[in-house]
Each structure stands twice: as structure tokens, then as C-alpha cells.
Amino acid sequence: MKRLAAITLPLLALYAAQAWAKPPVVKDKEIHVKHKTGNLAPIKAKEGIVSAHGPYESGDCGLCHTGKDPANPGPAQTPVNAVCYNCHEDIQQLIAKGKYKHKTAEQSCTNCHNPHNSKQKKLMAGAMPGICVECHTGIKNAMASAHKHEAMTSESSCSNCHSPHASNVEHLLSRLPFDQCVGCHNKDGMKDEAGKPLTNYKKLLDENQVHHAPVAGKDCSSCHKPHGGDNFRLLSMAYPPAFYAPYDAANYALCFSCHDEKLVSAAETTTLTRFRDGKTNLHYLHVAKSDRGRTCRACHEVHASKQRFQIRDDVPFGSSGWRLKINFKMNADGGTCDKTCHTAKSYVNTTRK
Amino acid sequence: MRIWQVWMTLLALSVAGFLGVLEQASHRTPVGQVIDNPQLATTDGGKARIMGDAQANVMVFFRPGEDNSRGVLKDLAAGVKEFAGKSVRFVGIVSDRHKGAEVQAELKEAGLVMPVLVDSGDKLFADLGLTLMPTICMADKAHKLAFATPFTKVNYWQITRAQIRYLLKEITEAQMQAALNPEAPVFKGEDSIARRHVKMAEMQLKSGQADKALDAARSAVQHGPKLAAAHSVMGAVLAAKGDCKAAVAAFDVALALDKNDARATAGKKACAEKR
């Protein structure tokens with residue numbers, strides 16, 4: 001009898017352990033295919049539980065499962081989301097009202113959440129950004145780029161900017177890109193990954209009311225890759241980082257994604273720019289040089305300025321941080337730059353209507 | 001009026017006049033101004049005006065072969081279908097530097113059917129004071145410029161769609177602005193948490209677990225002290241446990257917060273009938 005018990009009890013224990021480890025059976029196979037992070041079984045206390053679901057903690061298996069017995073709760077009630085929405089009606093409403101919906105969330109809450117407990121906050125089945133980039137592989141690649149965005153890995157990670165259930169902004173952004181970005185980049189003392197100071201954009205934009213069109217359109221992502229990129233300052237395409245550069249259109253890919261390249265490369269024009277003296281294109285004159293071409297930043301602020309056309313007030317001159325005024329003045333038929341990189345020079349736009 | 005006041009007024013007027021010159025010099029066509037309606041060649045060999053007599057004249061300035069323009073054309077393909085049969089006229093406008101075949105291929109790839117006009121020497125682009133591509137300009141039936149919106153990578157079609165609907169008078173200006181500046185998804189914080197506990201208490205009560213339901217109801221009240229449903233579910237739980245006196249007190253709080261709370265009204269009545 002003792003022998004029989006010695007054999008039977010371990011087998012019974014093994015069976016029970018296996019049964020416990022098995023996730024509740026969910027009919028929709030696709031859910032498990034999509035749910036790559038792990039199974040839905042509860043984790044053990046020693047693994048470090050950070051969040052736990054009320055019904056599971058109180059032993060109310062029957063609220064979500066077909067059975068009430070914690071040792072054998074049986075399959076989950078289906079469809080899964082309907083079960084969740086019994087209590088989480090705010091999420092149901094959010095998904096219903098959102099113009100853009102996260103298909104994974106619509107499909108099943110358990111694609112991203114463990115309905116029992118979790119080592120993560122909010123019952124997440126895995127840590128962000130890992131759980132997100134399992135599917136969003138393009139973002140994973142962007143994160144591996146040379147330049148990183150701290151927002152990707154700090155605090156709420158992906159949820160810093162995205163509303164993972166649904167949103168009224170494309171790409172499930174919680175708000176328009178500008179509101180997201182300036183929501184963080186609004187203080188002094190922030191530094192980039194190399195320790196260089198980052199601009200307080202709220203202050204900059206408040207003090208400089210002429211905003212570059214993408215800024216005015218609340219679209220930082222027109223020029224920046226928020227997940228990471230190979231260009232400095234997370235720029236989405238090439239942009240010369242220095243004051244002088246030999247002219248090569250490829251180096252201005254970012255600017256030319258919206259501005260016409262002929263704005264710079266055409267020696268003469270009567271339509272492409274108002275910065276011309278008669279037909280002579282003054283952008284061409286300044287920029288399209290094979291040696292020390294002035295880059296866009298030489299005369300323009302990229303985000304905001306006090307003057308129209310994002311003309312800078314001054315430019316850095318020499319290595320000691322001295323600023324040289326541009327002294328640009330616009331008039332009815334053109335403008336003047338005075339006592340700056342050159343002596344006073346005026347241009348007359350004679351083809352103005 | 002004293003002399004200095006006259007001088008100040010004259011100075012102010014001259015400054016205002018100068019600013020007016022600057023505005024004119026900028027070449028930017030102000031919204032609300034009637035714009036010219038030239039007849040231009042089309043990429044398929046015909047001729048067309050940039051605007052018709054539609055309520056919404058949508059002029060899409062784009063560059064074939066460029067990613068942002070390509071994305072806009074794809075969005076427009078769906079948009080043109082959405083507004084089919086309505087008083088909306090879509091035209092594309094490209095620089096004469098692009099070949100007709102190149103433009104047509106781009107439209108075909110996007111699945112978009114609309115006339116494309118050729119802006120010879122980029123004159124129209126310059127006259128409208130545009131600097132960026134793509135830009136979507138819109139004018140009303142009277143050909144007054146209503147919008148000139150440069151490309152954004154996010155929500156560009158939503159912006160365009162709202163502007164068209166505004167010109168069609170399908171939505172108000174406030175509704176258009178709401179579409180242009182969409183609200184962030186709002187979690188009602190503690191209120192949301194309280195509602196979850198209310199639901200849990202309801203389910204536990206339904207499954208005959210009054211003690212557990214009481215815990216959930218307490219949590220609901222704790223997270224949502226001003227939520228009528230939290231108090232009424234507390235009342236329901238207490239009534240189920242046979243404590244009608246406490247239940248009625250909870251129902252009264254619920255009704256003070258929301259006089260239409262049906263559970264509190266029914267619960268209070270049931271308790272009264274038991275006495």
C-alpha cells in the first residue's frame with residue numbers, strides 16, 4: 001500500500017502541476033498565435049508579482065472562466081474581450097469611440113495582458129517596449145539605430161506617446177506629435193544621449209512666434225524619427241549639421257522632401273523663391289557652392305524665429321561663441337542684410353505682383 | 001487732441017501701413033481672398049480651370065516620385081470615393097518639369113482618378129505663395145481661398161477631410177477644429193477604477209458571494225466617493241446581507257448624487273416593503 005502511494009502521489013502531483021501550468025483553454029487559436037510573449041497562466045509569487053487581477057486574487061475564477069474551481073477553472077468564457085468589458089467598460093468605450101483602433105486589442109485583450117497577474121504593471125504580459133516590438137519589428141529595427149530616443153525606454157515606454165487600445169490620431173498616438181514632443185521637451189536641462197543640452201521647445205516656440213510649417217502643423221514627425229534613427233537629432237533624412245558644406249542635394253534630403261530642390265540648384269528663377277535679385281536666385285548664390293556652401297542653418301532657424309521665413313537673428317561666428325547679427329530687413333520689393341557676413345547687400349524682387 | 005497724440009496716431013497708422021506692405025510682399029495669399037482661376041493644360045492633353053463651381057474646390061499640389069506626395073495621393077484615392085456625388089472637385093497640380101506619363105503612372109499606382117493640371121513655370125505655386133509640397137489648397141464656390149495646408153506626416157487626410165466637410169457645411173467650425181486637434185483618449189482615472197469595482201461587486205453579488213461583493217463595493221466607494229453607482233451597489237450588497245438600515249443609508253447617498261439611480265430607487269423601495 002505504501003509502495004502504491006509512493007508511486008501514485010508523485011504522479012498525481014505531477015499531473016496537478018501540469019494542469020496548473022496549462023493556460024486556460026481559449027477557443028480562438030489565433031490569439032495564441034499572436035500572443036508570443038508567454039502563456040496566460042498565473043505567475044508564481046517568487047517570480048515577483050507587480051500587478052494582479054482582482055477576480056484572480058479573490059479566487060473568483062468563475063467571473064472569467066466557465067468553472068468556479070480554482071484548481072480546475074475550465075476554459076475561459078468567450079469571446080474574451082466581452083468578458084473583460086463586463087468590468088472594463090471604459091476600455092470598451094475607448095476602443096469603440098477611437099478613430100484608430102489597435103487590431104491586436106480589438107482581437108483579444110489577452111494578446112498583451114495576462115488576465116491573472118504579471119511581473120509588469122497593468123497586467124502586461126511582457127515589458128514594453130519588448131512586447132510591442134515583437135510584432136512591430138520595424139520599430140525594433142529603428143530602436144537599434146545609432147541615435148536613440150530616451151522616451152522609448154523610460155517611464156511608460158511606448159505608452160509615453162501611444163494609446164495602445166485606440167486613439168483619434170494616426171499611429172495610435174495619444175495626441176498630435178507636437179503635443180507629445182513638447183509635452184516632454186518643455187524644460188531646461190534636458191540632455192541627449194551624448195550629454196549635449198536639448199532645447200526647451202516650449203520656451204523657444206513661445207519666444208519665437210514664426211513657426212516652420214511642420215511645427216505650425218503640429219507635426220514633428222515630418223522631420224524627426226521618434227523611435228530612433230541614423231541621423232543626428234533623430235532626423236528622418238540627411239541634413240547638413242554644419243554651417244558650411246559643399247553643395248550636394250543628397251545632403252539636404254530632409255529639406256527637399258517638402259521644398260523643391262530647384263529652390264537651391266536653379267541659378268535663375270522668377271517663381272521658386274522670393275529670395276532673388278531680379279532673376280538671380282540668391283539661395284543658389286549662397287548654398288550651391290562646391291566648397292564652402294552655406295547650409296540652410298546659416299540663415300534659417302529650423303523650428304521658429306522672430307522674423308518671417310524663419311530667418312535667424314544672428315549666426316555663430318568664430319570659435320569663442322560670438323554671435324554675428326544678420327540684420328535682415330524685409331521690404332516691399334525684397335530685403336537687405338547688413339553688417340553681417342558681408343557688408344550691406346539688398347535684393348529687389350522685381351517680378352512681385 | 002494734443003499734438004503728441006496726433007503724432008502717435010500717425011505713427012501707428014504708418015506702422016500698420018508698413019505691415020500691410022510686408023503682408024503683401026510675403027506673397028502669401030490670405031485666406032478669404034478670391035483667387036484667380038486660370039485655365040491650365042492637363043497632363044492628358046486637355047485643358048481645365050483650377051476651380052469649378054463646386055462647394056469645395058480641392059487643389060492638390062504634389063510632386064510625382066516623392067514619398068510624401070505618394071502617401072497623400074493614396075489617401076486621396078479613398079477620399080475621392082468618399083466624397084463621390086457631393087459638390088467637391090479634386091484636381092492635382094504639378095510643375096511642368098514633370099512629364100505627363102510620369103504623373104499618370106503615379107496616379108495609377110495610387111488608384112486615384114482626378115484631372116491633373118500643369119503649372120507652367122510654377123507660376124500658380126508662386127502666385128499662391130506656396131513653399132512646400134505637397135500642399136492642399138481649398139477654395140469655396142466663390143473661389144475664396146479657405147485653406148492652404150502643407151503636408152503633415154500624421155493625420156493629413158483627417159485634416160483634409162474635415163476641411164472639405166466644413167466647406168460642404170456638413171460640420172461646424174468647432175467640429176472641424178476638433179478634428180484638426182483631436183482630443184487625447186481620456187481615462188477617467190479613479191472614476192474608471194471605481195466603475196470596475198462596481199461591476200465586480202455586481203457580478204459577485206449575482207453569483208451569490210455577498211461577502212466578496214462587499215469588499216468590491218467598499219473599493220468602489222473608496223475610489224469613487226462621488227459615483228452614485230458605487231453607493232447604490234453598496235446598498236444592494238448590504239441589502240443582500242440583510243442590513244436594510246445601512247443599505248437605505250447607502251441608497252440615499254446614491255440618490256443624492258444621482259436622483260435617477262434606478263438601483264438605489266428600487267433597492268430603497270424593496271427595503272421599505274420588507275419592514
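Everything quoted here is computed from the prediction, not taken from an experiment. A, B, ... follow the sequence lines: proteins, then strands. Residue 1 opens every chain. Note: hydrogens, waters and symmetry copies are ignored here, and every other heavy atom, side chains too, is used.
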### Interchain contact, B:Pro185 with chain A, by part (heavy-atom threshold 4.5 Å)
both
## Note on the structure
Answer key: most heavy-atom pairs under 4.5 Å with chain A among B:Gln209, B:Arg97, B:Glu202 is B:Arg97
### Query
If you look at every heavy atom in A:Asn168 and B:Glu183, which pair is closest and at what distance?
ND2-O, 3.3 Å
### Query
Between atom CD of B:Gln158 and atom OH of A:Tyr100, what is the distance when rounded to the nearest 0.5 Å?
3.5 Å
### Contact leader toward chain B among A:Arg175, A:Lys99, A:His171, A:Lys97, where contacts are heavy-atom pairs under 4.5 Å
A:Lys99
## Note on the structure
Applying a strict 4.5 Å limit to non-hydrogen atoms, the region of A:Leu263 in contact with chain B is neither
### Task
Sort out for me which of A:Leu272, A:Leu176, A:Asp179 touches chain B most, counting heavy-atom pairs under 4.5 Å.
A:Leu176
#### Entry: B:Asn181, part contacting chain A, at a heavy-atom distance under 4.5 Å
both
### Query
Who wins among A:Ser222, A:Gly217, A:Gly54 for the most heavy-atom pairs under 4.5 Å with chain B?
A:Ser222
### Query
What part of B:Leu180 gets closer than 4.5 Å to chain A, counting heavy atoms only: side chain, backbone, both or neither?
backbone
### Part of B:Asn68 within contact of chain A (heavy atom distance under 4.5 Å)
side chain
### Query
If only atom types and distance count, is the side chain of A:Asp219 paired as donor or acceptor with the main-chain N or O of B:Lys153 below 3.5 Å?
yes
#### Entry: Max heavy-atom pair count under 4.5 Å with chain B, selected residue of A:Ser221, A:Ala166, A:Ser163
A:Ser221
## Note on the structure
Interface check, chain A: of B:Asn155, B:Asp122, B:Thr149, B:Asp67, most non-hydrogen pairs under 4.5 Å belong to B:Asn155
### Message
Between A:His259 and B:Thr131 (side chain of the first, backbone of the second, donor and acceptor by atom type, cut-off under 3.5 Å), is there such a pair?
### Response
yes
### Message
Once side-chain contact (heavy atoms from CB on, under 4.5 Å) is applied, do any residues pair with B:Ile171, and if so which ones, sequence neighbours excluded?
### Response
B:Ala162, B:Arg165, B:Tyr166, B:Gln175, B:Met176
### Query
Is there a donor-acceptor contact under 3.5 Å from the side chain of A:Thr271 to the main chain of B:Gly121?
yes
### Query
Are the side chains of B:Met200 and A:Pro55 in touch, meaning some heavy atoms are under 4.5 Å apart?
yes
### Pair A:Asp90 + B:Arg195: basic N to acidic O under 4.0 Å
no
### Query
Based on non-hydrogen pairs under 4.5 Å, which of A:Gly98, A:Ser257, A:Ala213 is most in contact with chain B?
A:Ser257
